[in-house]
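Have a look at the structure below before the remarks.
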Amino acid sequence: MTLRAVVKGVGHYLPERIVPNSEFEKTLDTSDEWIKSRSGIERRHFAADGETTSNLATKAALAALADSGLVADDIDAMIVATSTADLTFPSAATMVQAQLGMNKGFAFDVQAVCAGFVYALSNANALIVSGQAKRVLVIGAETFSRIMDWTDRGTCVLFGDGAGALILEAQEGTGDKTDRGILSTDLNSDGRYKDILYVDGGVSSQNTGFLRMQGKEVFRHAVEKLAATAHTAMDKAQISAEEVDWVVPHQANIRIIKGTAKKMNVPMDRVIVTVQDHGNTSAASIPLALSVGKSEGKIKPGDVVVTEAIGGGLAWGSVVLRW
Ligand SMILES: CC(C)(COP(=O)(O)OP(=O)(O)OC[C@H]1O[C@@H](n2cnc3c(N)ncnc32)[C@H](O)[C@@H]1OP(=O)(O)O)[C@@H](O)C(=O)NCCC(=O)NCCS
């Protein structure tokens, strides 16, 4: 008998305000055409004043609970992947716990920037296969609009706010690749690249700071490292490119998504793409794409799904699962 972390439900929430590329033309030397052609982004959602990351996360969690037919008290553990928690402490996860009225179990945040959701999934998988939790709520939630330098056209047009949530449940499997649930994980980081994507402030630096990025450098690392981690995770799960039903990549840039899919030998009609509507929502982008992919009838029970993500650190990784 092998314990597997099987998807029970998925959901997402996007703030009401939708900002099209044309909005930026009013204040910056940029254009809808430049943003679309370089990144694939057409619009993004921004949180309202006072609407925090834990508020978005709670709404996504409620949607995932509804999709699973579960209530908050059915959950033993919660992991929130975020780099934009409401407060320095407590964790966004405990704030979501309070908003859900979930008074048991344990909750904590994981911070691996845009790779946060694959890190959180891998941690949730470890909790389940080691018997420490039966049902884990895994959330990716961000308000990156709060760390944008609105005068920097190279970054502020690329990011958005949102949240997605997945519920994993311990189920018995046979131990081979026909099992439903998480089949393999691969995580990596390399702090030598900390200066190509970072926020120039923080608690210990005594200011909030803004996101700073050397876009070309990040791009250079992204395709190569994403394809490598996806291949490693697929090899561990003994899944070939032909067996992959859906690649669900971190949604940063359509050119990175296409380049990575090509290196993985998976055609674009088997890739879930939401970057045009959401922009880069960091740790929220993969659960948002999973939720959209499911609601559009693309991702179905039994499908093999490969997620891959890279972000500040650099930190990157991949999770292979059977839906
Ligand atoms: C940021 C990114 C879209 C820029 O695309 P690019 O093709 O590399 O563009 P370049 O960096 O060569 O910039 C070309 C020019 O466009 C300019 N430019 C940058 N942002 C612009 C904008 N919003 N509008 C118009 N021009 C812009 C640059 O200033 C540069 O001008 P210059 O040649 O006069 O210096 C791209 O590098 C990228 O997506 N990188 C990865 C970013 C990412 O995904 N980060 C998150 C990972 S989690």
Side-chain angles (χ1 to χ4, degrees), residues 19-44 81-84 110-120 140 142-145 147-162 164 187-191 193-200 210-230 248-261 271 273-276 278-289 307-318:
V19 176
N21 290 345
S22 55
E23 284 272 316
F24 293 99
E25 293 173 356
K26 296 176 192 164
T27 52
L28 292 170
D29 181 12
T30 189
S31 66
D32 174 43
E33 179 48 33
W34 192 95
I35 301 168
K36 247 191 321 212
S37 64
R38 298 300 175 101
S39 71
I41 298 165
E42 296 174 28
R43 59 194 72 80
R44 75 287 291 139
T82 190
S83 302
T84 48
V110 159
Q111 206 269 50
V113 205
C114 299
F117 194 74
V118 292
Y119 270 63
E142 302 280 15
T143 46
F144 260 50
S145 62
I147 49 167
M148 289 297 108
D149 174 351
W150 301 111
T151 65
D152 178 9
R153 65 179 181 170
T155 55
C156 73
V157 302
L158 300 174
F159 293 87
D161 301 338
L187 301 182
N188 311 267
S189 65
D190 189 339
Y193 303 115
K194 63 184 170 32
D195 297 332
I196 64 173
L197 178 52
Y198 66 105
V199 170
D200 60 0
F210 296 115
L211 183 145
R212 305 294 177 200
M213 178 172 73
Q214 295 173 34
K216 259 197 198 327
E217 274 301 293
V218 175
F219 198 108
R220 205 170 58 76
H221 286 283
V223 173
E224 175 207 324
K225 288 184 165 48
L226 288 169
T229 186
V248 182
H250 169 50
Q251 310 281 324
N253 184 310
I254 191 65
R255 294 187 292 147
I256 294 175
I257 292 172
K258 285 183 176 166
T260 306
V271 180
V273 179
T274 55
V275 70
Q276 71 283 358
H278 302 164
N280 181 347
T281 58
S282 190
S285 90
I286 287 178
L288 270 164
T307 65
E308 30 95 347
I310 188 165
L314 294 172
W316 67 101
S318 174

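Just so it is clear, the structure is predicted and the values come from calculations on it, not from any experiment. Read the numbers this way: they start at 1 and go in the same order the structure lists the ligands and their atoms.
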- Query: Can you tell which of G313, G311, G40, A252 gets a heavy atom nearest to atom 44 (O) of ligand 1?
  - Reply: A252

- dist D152:CG -> L211:CG (nearest 0.5 Å) comes out at 8.5 Å

- Item | Closer than 4.0 Å: a protein non-hydrogen atom to atom 7 (O) of ligand 1 | yes

- Note on the structure: Distance col, row N280:CG vs H250:NE2, nearest 0.5 angstrom, shows 3.5 Å

- Give the residue and atom name of whichever protein heavy atom lies nearest to atom 45 (N) of ligand 1, and the separation in Å to one decimal. M213 SD, 3.1 Å

- Item | Within-cut-off N or O pair, S39 and ligand 1, under 3.5 Å | no

- Item | Which of the ligand 1 atoms, numbered from 1, are nearer than 4.0 Å to a heavy atom of V218 | 45 (N), 47 (C)

- Query: Are any non-hydrogen protein atoms located under 4.0 Å from atom 35 (O) of ligand 1?
  - Reply: no

- Would you mind checking which non-hydrogen protein atom is closest to atom 4 (C) of ligand 1, with the distance to 0.1 Å? W34 CH2, 3.8 Å

- Nearest non-hydrogen protein atom to atom 13 (O) of ligand 1, with distance, is R38 NH1, 4.1 Å

- Task: Using non-hydrogen atoms of the residue, decide whether G154 is closer than 4.0 angstrom to ligand 1.
- Result: yes

- D149/R212 salt bridge by N-O under 4.0 Å criterion: yes

- Note on the structure: heavy-atom search around atom 30 (C) of ligand 1 in the protein gives R153 NH2, 4.6 Å

- Message: For a 4.5 angstrom cut-off between non-hydrogen side-chain atoms, does S83 reach I147?
- Response: no

- Message: Can you tell me how far apart CH2 (W316) and CG (L226) are? Round to the nearest 0.5 Å.
- Response: 10.0 Å

- Message: Below 4.0 Å from ligand 1: does a non-hydrogen atom of D29 turn up there or not?
- Response: yes

- Message: Only heavy atoms of V157, strictly under 4.0 Å: list the atoms of ligand 1 that pass.
- Response: 23 (N)

- Query: Has ligand 1 got any nitrogen or oxygen that is less than 3.5 angstrom from a nitrogen or oxygen of H250?
  - Reply: no

- Message: Students should be able to answer this: which protein heavy-atom is nearest to atom 5 (O) of ligand 1, and at what distance?
- Response: R255 NH2, 3.4 Å

- Does N280 reach ligand 1 with a nitrogen or oxygen that is under 3.5 Å from one of the ligand's nitrogen or oxygen atoms? no

- Query: Looking at CG of L288 and OG of S282, how far apart are the two atoms once the value is rounded to the nearest 0.5 Å?
  - Reply: 11.0 Å

- Shortest protein heavy-atom distance from atom 40 (N) of ligand 1, along with the residue and atom involved: G215 O, 2.9 Å

- Message: Once rounded to the nearest 0.5 Å, what's the spacing between atom CG of N188 and atom OG1 of T229?
- Response: 5.0 Å

- Do protein heavy atoms approach atom 10 (P) of ligand 1 to less than 4.0 Å? yes

- Task: State whether any protein heavy atom lies less than 4.0 Å from atom 25 (C) of ligand 1.
- Result: yes

- Under 4.0 Å from ligand 1, counting heavy atoms only, is it the side chain of I310, its backbone, both or neither? backbone

- Protein heavy atom under 4.0 angstrom of atom 47 (C) of ligand 1, is there one? yes

Only pairs under 3.5 Å count here: list side-chain donor-acceptor contacts from residues 217-224, not counting sequence neighbours, and write none if there are none.
from : atom 1 : to   : atom 2 : distance (Å)
E217 : OE1    : R220 : NH2    : 3.0
E217 : OE2    : R220 : NE     : 3.2
H221 : ND1    : K225 : NZ     : 3.0

- Query: Do any N/O atoms on T30 end up under 3.5 angstrom from N/O atoms on ligand 1?
  - Reply: yes

- Name the closest protein heavy atom to atom 1 (C) of ligand 1, giving the residue it belongs to and the distance to 0.1 Å. L158 CD1, 3.8 Å

- Message: For atom 12 (O) of ligand 1, what is the closest protein heavy atom, and at what distance to 0.1 Å?
- Response: K216 NZ, 2.5 Å

- Message: Below 4.0 angstrom, counting only protein heavy atoms, does anything approach atom 38 (C) of ligand 1?
- Response: yes

- Query: Can you list the atoms of ligand 1 that are under 4.0 Å from a heavy atom of C114?
  - Reply: 48 (S)

